[in-house]
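Okay, structure first, notes after.
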There are 2 protein chains.
Amino acid sequence: MTKSSGRASKRRTKINDVAKRAGVSISTVSRVISNSTHPVNDQTRERVLRAAHELDYAPSALAKAMVTKKSFMVGVIVGDTMDPFFAAIVRGVEDVGREKGFLVIVANSDRKPDLEYQYIKTLNDYQADGIIFAGGGLKDEEYLENVTKTLEKFQNRDAPVMTLGNHLFPSYGVMVDNEMIIYDAAQYLIKLGHRKIGYITGPDNITTSELRLVGYSRAMQEIGEKEWIFAGDYMYDGGLHAAEEIVALNEKPTAILASNDRMAIGCAVGLKKLGVRIPADISLISVGGITSTEFISPPITSIYLPLYDLGAEAMRKLIRIREGKEERLGKTILKHGLVERASTAPLNN
Amino acid sequence: MTKSSGRASKRRTKINDVAKRAGVSISTVSRVISNSTHPVNDQTRERVLRAAHELDYAPSALAKAMVTKKSFMVGVIVGDTMDPFFAAIVRGVEDVGREKGFLVIVANSDRKPDLEYQYIKTLNDYQADGIIFAGGGLKDEEYLENVTKTLEKFQNRDAPVMTLGNHLFPSYGVMVDNEMIIYDAAQYLIKLGHRKIGYITGPDNITTSELRLVGYSRAMQEIGEKEWIFAGDYMYDGGLHAAEEIVALNEKPTAILASNDRMAIGCAVGLKKLGVRIPADISLISVGGITSTEFISPPITSIYLPLYDLGAEAMRKLIRIREGKEERLGKTILKHGLVERASTAPLNN
DNA sequence: ATGAAAGCGCTAACAT
DNA sequence: ATGTTAGCGCTTTCAT
């Protein structure tokens with residue numbers, strides 16, 4: 001076997017080296033390096049610190065994790081980091097993670113059950129101190145069975161399972177009120193005088209889509225108006241297709257409610273391309289909170305979701321739970337808001 | 001000491017449990033589980049596999065990493081995951097990482113030297129199998145000294161240090177030709193008849209900014225035109241401010257070259273707000289490859305950078321090097337391209 | 001206040 | 001083909 005590369009040679013400094021140099025036992029070194037509460041003479045402490053510094057000692061986090069059973073790693077499962085929606089969440093997780101000394105591992109699942117399951121297992125193998133599921137829950141049965149089983153191992157290790165959406169396995173949650181979000185968006189359009197409101201759904205394999213649809217249905221029922229549904233996928237193309245469908249209609253909705261930002265953008269681009277003026281001909285409102293809705297023209301009116309905070313709060317809660325400071329399997333609900341921009345206008349006819 | 005949470009109790013299945021159940025030694029279990037080349041009787045293998053399955057055995061990646069000295073974790077240092085520029089890179093890294101069995105740890109540095117240094121140390125503590133620096137290099141002196149020292153430990157562990165920009169410490173690289181990128185963008189404008197071309201720079205603590213500026217300077221020199229520089233920061237606001245500066249000028253450039261997408265977007269929004277028509281009054285070209293330049297109106301002409309591929313290729317190369325299949329400390333250069341959209345037009349006067 | 005020694009869960013020689 | 005054993009680098013009783 002050819003050695004992979006010859007240049008490497010210097011041995012990593014380990015606790016024993018420091019101990020020797022400081023003329024103490026490794027236990028003492030361990031105590032001062034890891035800030036143990038165990039008493040250590042100030043002089044000794046000094047000597048150890050100096051030796052450690054001179055040898056440029058960096059304790060192995062792996063060895064430490066192994067014995068303490070705390071890896072200080074957490075995994076966050078997202079659909080796609082390139083989706084600004086998830087990017088904001090990940091950033092929130094990462095910021096508080098770093099502050100508290102946690103490493104965050106990003107797992108892109110593309111919403112595929114088996115990929116996601118694979119990742120969950122791997123994170124368990126690494127004894128991740130917790131796992132955060134961003135986005136809505138998958139409904140695939142086999143997935144649920146497998147995942148639920150693996151997540152029990154997390155529980156057994158006191159590694160909290162956090163969800164930011166409604167998942168179908170036991171978990172702690174930090175979330176927004178998915179039904180109200182859409183309901184509020186619809187209400188906003190209704191207050192502007194719209195009644196013929198189209199709705200672009202999310203993909204139907206995700207729990208969030210269901211809940212959001214309920215919000216829309218409720219709003220429509222209240223005004224006694226029929227539902228006007230366009231099947232979406234939370235992607236740019238879904239919005240684009242909806243736009244094409246809409247334009248092909250004889251009787252058109254006067255307002256469109258897209259259940260996420262990406263589809264709203266796709267829809268806006270599609271409508272404009274097909275000669276529909278926003279909001280003169282059709283009003284458009286989205287749900288999300290990613291910045292690009294702001295730069296497009298017209299800037300899109302949105303229900304703002306606190307994405308960054310969702311991630312940050314999930315991470316904080318995870319840590320609290322892991323430290324035994326919070327026992328309830330409760331769901332924390334974060335508030336959403338409305339950002340009025342130029343894509344919506346009162347109905348005028 | 002109060003136990004943090006009482007519910008947990010089930011012990012994790014370990015290799016020894018499987019060995020007992022299968023009636024073999026732990027070495028044999030190890031051999032079949034880790035797919036060792038060491039011969040194992042098919043019958044025995046079967047028994048082990050069955051036992052492992054029955055006990056739902058999941059080997060500790062931590063223990064394995066410790067003894068093999070391969071953690072199968074890599075860190076990727078980015079300015080900000082929320083920046084689509086970095087998001088694309090991270091996705092590239094992650095996709096090939098997953099395929100090859102690597103976990104990727106995302107570190108947001110916000111381009112701050114001490115944050116970045118902190119992360120590098122931590123990644124070393126975890127014995128990351130490699131580290132990828134996305135984005136341009138920092139020039140801070142103290143940072144460089146510290147980082148260079150820590151990165152030597154990566155070398156000593158045969159953990160490749162990869163950079164996607166021009167960094168000031170030894171590393172393997174996958175990058176674009178920063179000078180040519182800008183030069184090509186300028187050439188495009190020049191071919192459209194523009195001569196009075198403004199340039200929005202990147203922040204001056206980053207190596208990439210320098211290189212890009214050289215590309216601009218060279219293009220201007222070739223046509224004997226004076227440089228017209230607006231100080232930027234690679235952020236939306238930088239572009240916005242540049243727009244304000246430009247509008248306040250008596251004699252205005254006829255075209256603007258923004259050294260990244262975000263600033264181009266900021267600039268476009270700013271110019272439009274101040275009544276400047278793009279491209280009728282001023283042409284605008286950007287450098288990057290993030291999708292939002294496509295949705296804004298007018299869609300922005302850009303030099304396209306292969307961001308995803310930069311990440312993917314860096315990860316591939318990292319693995320190759322780690323396996324000893326590639327020794328050269330060479331830089332791989334990936335090609336850029338031009339995407340013509342609606343923000344540029346021939347000069348007409 | 002310090003040290004010795006027993007693990008944490010695994011792999012990799014080295015026997016047999 | 002299988003088993004024994006010595007680590008990997010640390011923390012943590014349990015002595016002293």
Side-chain angles (χ1 to χ4, degrees), chain A residues 1 3 11-49 51-52 55-72 124-127 129 153 156-158, chain B residues 1 3 11-49 51-52 55-72 124-127 129 153 156-158:
Chain A
M1 191 177 66
K3 186 81 192 75
R11 231 181 71 274
R12 185 189 168 105
T13 307
K14 40 189 213 177
I15 197 168
N16 191 33
D17 303 326
V18 179
K20 273 186 190 145
R21 174 149 199 148
V24 298
S25 75
I26 60 169
S27 343
T28 301
V29 175
S30 171
R31 296 200 256 258
V32 356
I33 295 300
S34 58
N35 275 309
S36 156
T37 56
H38 197 105
V40 172
N41 186 340
D42 282 353
Q43 313 245 344
T44 316
R45 178 182 304 275
E46 259 315 308
R47 283 220 308 288
V48 170
L49 255 17
L55 296 172
D56 201 12
Y57 174 58
S60 160
L62 256 30
K64 178 169 191 165
M66 214 177 132
V67 15
T68 60
K69 304 206 168 293
K70 293 194 192 313
S71 64
F72 280 91
N124 181 57
D125 294 347
Y126 277 85
Q127 313 215 50
D129 280 348
K153 301 191 177 185
N156 291 338
R157 299 194 341 257
D158 282 328
Chain B
M1 193 178 64
K3 188 80 191 75
R11 229 182 75 274
R12 186 188 167 105
T13 306
K14 39 190 217 176
I15 198 168
N16 191 34
D17 302 326
V18 179
K20 272 185 192 145
R21 174 149 199 146
V24 298
S25 75
I26 59 168
S27 349
T28 301
V29 176
S30 171
R31 297 200 255 257
V32 356
I33 295 298
S34 56
N35 275 310
S36 156
T37 54
H38 199 105
V40 172
N41 185 341
D42 282 353
Q43 313 245 345
T44 316
R45 179 182 304 275
E46 260 316 307
R47 282 221 309 289
V48 169
L49 254 19
L55 295 172
D56 201 13
Y57 173 58
S60 161
L62 255 30
K64 179 169 190 163
M66 217 177 130
V67 16
T68 61
K69 303 203 169 299
K70 293 196 192 311
S71 64
F72 281 91
N124 182 58
D125 294 347
Y126 277 85
Q127 314 215 45
D129 279 348
K153 300 190 178 184
N156 291 338
R157 300 195 340 259
D158 281 327

Check: Asn124(A)/Arg157(A) side-chain N/O donor and acceptor closer than 3.5 Å: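 Distance-only check passes for Asn124(A) and Arg157(A).
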Donor on one side chain, acceptor on other, Ser34(B) and Ser36(B), under 3.5 Å: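 Side chains of Ser34(B) and Ser36(B): no pair found under 3.5 Å.
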Proximity to the side chain of Ser30(A) - top-ranked nucleotide from dC8(D), dT2(C), dT12(D):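 So the nucleotide nearest the side chain must be dT12(D).
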In whole angstrom, give the distance that lies between atom [atom1] of [X] and atom [atom2] of [N].
X        : N       : atom1 : atom2 : value
Arg45(B) : dT2(D)  : CZ    : C1'   : 13 Å
Leu62(B) : dC10(D) : CG    : C1'   : 12 Å
Asn16(A) : dT11(D) : CG    : P     : 13 Å
Arg31(B) : dA15(C) : CZ    : C1'   : 11 Å
His38(B) : dA15(C) : NE2   : P     : 14 Å

Ala63(B) or Val40(B), whichever maps to the more 5' nucleotide of DNA chain D: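 The residue whose closest nucleotide sits nearer the 5' end is Val40(B).
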Closest-nucleotide 5' rank along DNA chain D - winner of Thr44(B) and Gln127(B):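 Taking each residue's closest nucleotide, the earlier one in sequence belongs to Thr44(B).
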Check against side chain to side chain contact (heavy atoms under 4.5 Å, CB included), Leu49(A) and Arg45(A): CA-CA 6 Å; Leu49(A) 255 17; Arg45(A) 178 182 304 275; 3.9 Å; yes
Lys/Arg N to Asp/Glu carboxylate O, Lys64(B) vs Asp125(A), below 4.0 Å: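 Here Lys64(B) does not pair with Asp125(A) in a salt bridge, since their nearest N and O are not under 4.0 Å apart.
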Sugar-phosphate only, base, or nothing, as touched by Ile26(B) at under 4.0 Å among non-hydrogen atoms: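 Base, at least one base atom sits under 4.0 Å.
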Touch class at under 4.0 angstrom, heavy-atom based, for Ser36(B) against every strand present: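 Result for Ser36(B) = nothing.
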Under-3.5 Å donor-acceptor pair between Ser27(A) side chain and dA4(C) base: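 Answer is yes: a donor-acceptor pair is held.
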